[in-house]
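Protein chains get the first letters and strands the later ones, always in sequence-line order, with residue 1 at the start of each.
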Number of protein chains: 2
Amino acid sequence: MSLDETDSKLVQHLMRQGRTTWSELANLLGLSAPAAADRVRRLEERGVIRGYAAQISPEAAGCELLAFIAVSLEQSQQRAAFLQRVEALSEIQECHHVTGADDYLLKVRCRNTQALERLISQELKSLDGLKTHTTIALSTVKETSALPLSAS
Amino acid sequence: MSLDETDSKLVQHLMRQGRTTWSELANLLGLSAPAAADRVRRLEERGVIRGYAAQISPEAAGCELLAFIAVSLEQSQQRAAFLQRVEALSEIQECHHVTGADDYLLKVRCRNTQALERLISQELKSLDGLKTHTTIALSTVKETSALPLSAS
DNA sequence: GGTGAAACATCGACGGT
DNA sequence: ACCGTCGATGTTTCACC
């Protein structure tokens with residue numbers, strides 16, 4: 001289940017650069033190209049690599065606003081309906097079930113405050129007994145998808 | 001500054017699949033391979049595409065724990081030191097300056113509660129006047145890097 | 001933005017350790 | 001079980017239209 005040293009180097013490179021050419025990966029690892037490709041394929045099969053994506057500037061894509069919404073569900077029979085809405089709404093980037101006074105924490109990106117208002121008032125608050133508490137991000141200091149490598 | 005319809009389709013595909021082959025992109029857009037490559041290169045130069053990355057399963061990489069830490073800075077002269085620490089700590093994936101009672105919201109991934117304790121007690125709380133409020137994620141319902149496309 | 005040819009990278013089969 | 005070599009195939013790249 002855990003990663004050997006070569007896989008660690010590989011994963012770390014893939015997190016930063018994405019997949020470029022096998023030959024580049026190969027001489028990074030001191031292997032031949034087919035061997036590097038094999039390792040990547042195995043990591044994909046094991047689910048360590050979930051996929052590949054381009055990182056898009058949210059502002060360039062017209063998403064100027066970033067907000068975190070804490071959600072409380074006071075009627076637990078609304079849970080399924082809430083989770084269904086979370087999946088359906090493309091503005092909701094993340095939804096975590098969390099400890100503390102609230103039930104869920106949402107990370108939301110949208111065009112402007114008007115779009116946020118619509119999301120909260122029409123999409124979320126239309127569920128009975130659902131309370132929200134919204135925090136707006138004024139600026140982002142750091143945002144990376146890189147994980148701390150573990151030497152295990 | 002804004003994206004035409006072809007660029008929108010392109011960006012949407014790149015967010016989901018990463019960069020595969022020019023020919024695949026080309027016939028998705030109804031263009032020739034060099035034309036598709038040109039568009040991608042221009043988007044990279046404009047900063048719309050920030051880069052490419054593999055999506056790694058945090059659990060597979062040994063990061064079992066996800067937490068959100070709200071940080072209050074009661075002495076504003078500590079701000080520079082705090083931001084420097086944020087950059088240096090690889091467990092901190094995100095740091096946003098936010099509205100509300102607290103100043104910053106951190107998204108943190110680490111190995112276990114022991115690593116989280118070390119991060120909070122030794123790395124963060126060692127700054128004078130810094131208060132934290134930590135929320136643990138029990139499970140993650142949704143987590144995507146995709147953005148809602150805007151037709152502009 | 002399209003076309004063609006040269007350069008390059010990938011994929012699969014085979015052999016070695 | 002994992003890695004290297006080699007040849008066939010497919011893809012990118014560049015000059016030019």
Side-chain angles (χ1 to χ4, degrees), chain A residues 1-57 59-62 145-152, chain B residues 1-64 145-147 149-152:
Chain A
M1 187 60 206
S2 85
L3 281 55
D4 68 14
E5 199 188 332
T6 308
D7 283 339
S8 270
K9 267 203 275 191
L10 187 48
V11 162
Q12 206 181 353
H13 184 262
L14 291 172
M15 282 193 307
R16 290 176 46 89
Q17 306 280 129
R19 238 215 51 203
T20 52
T21 68
W22 297 127
S23 10
E24 186 186 333
L25 284 177
N27 68 10
L28 182 78
L29 304 175
L31 295 175
S32 69
D38 266 7
R39 292 189 96 101
V40 170
R41 188 181 41 74
R42 264 173 268 151
L43 289 170
E44 287 168 350
E45 280 168 1
R46 284 170 53 189
V48 177
I49 298 174
R50 291 206 175 131
Y52 302 90
Q55 299 166 323
I56 304 299
S57 159
E59 295 76 20
S145 59
L147 299 163
L149 53 27
S150 60
S152 78
Chain B
M1 188 59 206
S2 84
L3 280 56
D4 69 14
E5 200 189 332
T6 308
D7 282 339
S8 270
K9 267 204 275 190
L10 188 49
V11 163
Q12 205 180 355
H13 184 263
L14 291 172
M15 281 193 306
R16 290 177 46 88
Q17 307 280 130
R19 241 216 48 205
T20 52
T21 68
W22 296 127
S23 10
E24 186 186 333
L25 284 177
N27 68 10
L28 182 80
L29 304 175
L31 294 174
S32 67
D38 266 8
R39 280 187 177 263
V40 170
R41 189 181 40 74
R42 276 193 297 262
L43 289 170
E44 288 169 349
E45 281 168 0
R46 283 170 53 191
V48 176
I49 298 173
R50 292 205 175 132
Y52 302 90
Q55 298 165 323
I56 303 300
S57 159
E59 295 77 18
C63 287
E64 306 280 346
S145 58
L147 299 164
L149 52 28
S150 60
S152 76

* To do: Kindly check if the number of other-residue, nucleotide or ligand heavy atoms within 6.0 Å of CD (B:E5) is above 12?
  =>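 Counting neighbours around CD of B:E5, 12 or fewer heavy atoms of other residues, nucleotides or ligands fall under 6.0 Å, so no.
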Value in whole Å for how far the [atom2] atom of [N] lies from [atom1] of [X]:
X	N	atom1	atom2	value
A:R42	D:dC2	CZ	C1'	7 Å
A:L25	D:dG4	CG	P	14 Å
B:N27	C:dG1	CG	P	16 Å
A:L31	C:dT10	CG	P	14 Å

* If a pair satisfies salt bridge (charged side-chain N to carboxylate O under 4.0 Å, His left out) and one of its residues is in residues 7-31 of chain B, list it, with sequence neighbours excluded. =>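 Those involving residues 7-31 of chain B are B:D7-B:R39.
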Please report the interatomic distance [atom1]([X]) to [atom2]([Y]), rounded to the nearest 0.5 Å.
X	Y	atom1	atom2	result
B:I56	A:L147	CD1	CG	7.5 Å
A:L14	A:I49	CG	CD1	5.0 Å
A:L31	A:T6	CG	OG1	6.5 Å
A:E44	A:R41	CD	CZ	9.0 Å
B:L25	B:T20	CG	OG1	5.0 Å

Hey, what are the protein-to-nucleotides 15-17 of chain C N/O distances that come in under 3.5 Å?
none

* Rounded to 10°, tell me the angle between the two end axes of the helix from C:dG1-D:dC17 to C:dT17-D:dA1, each built from five pairs. =>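 Result, rounded to 10 degrees: 40°.
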* To do: Step by step, work out the side chain to side chain contact (heavy atoms under 4.5 Å, CB included) result for A:R46 and A:L3.
  => CA-CA 11 Å; A:R46 284 170 53 189; A:L3 281 55; 3.9 Å; yes
* Asked: Is B:R39 near enough to C:dG1 that one of its side-chain N or O atoms lies under 4.0 angstrom from OP1 or OP2?
  ->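 For C:dG1, OP1/OP2 do have a side-chain N/O of B:R39 under 4.0 Å.
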* **Test side chain to side chain contact (heavy atoms under 4.5 Å, CB included) applied to B:A37 - qualifying residues, sequence neighbours left out** =>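 Partners of B:A37 under the side chain to side chain contact (heavy atoms under 4.5 Å, CB included) test: B:W22.
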* To do: Could you encode protein contacts along nucleotides 12-17 of chain D as a string, one character per nucleotide from 5' to 3', using B for base contact, S for sugar-phosphate-only contact and - for no contact, with a heavy-atom cut-off of under 4.0 Å?
  => SBB---
* Looking at every strand, decide which applies to B:R41 at a 4.0 Å heavy-atom threshold: base, sugar-phosphate, or nothing. =>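 Touches nothing.
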* Who passes side chain to side chain donor-acceptor pair (under 3.5 Å) against A:Q17, sequence neighbours left out? ->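 Not a single residue meets the side chain to side chain donor-acceptor pair (under 3.5 Å) criterion with A:Q17.
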* If you measure from the Lys or Arg side-chain nitrogens to the Asp or Glu carboxylate oxygens, is any gap between A:R50 and B:E59 under 4.0 Å? ->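 Looking at B:E59 together with A:R50, the answer is yes, because their closest N to O distance falls below 4.0 Å.
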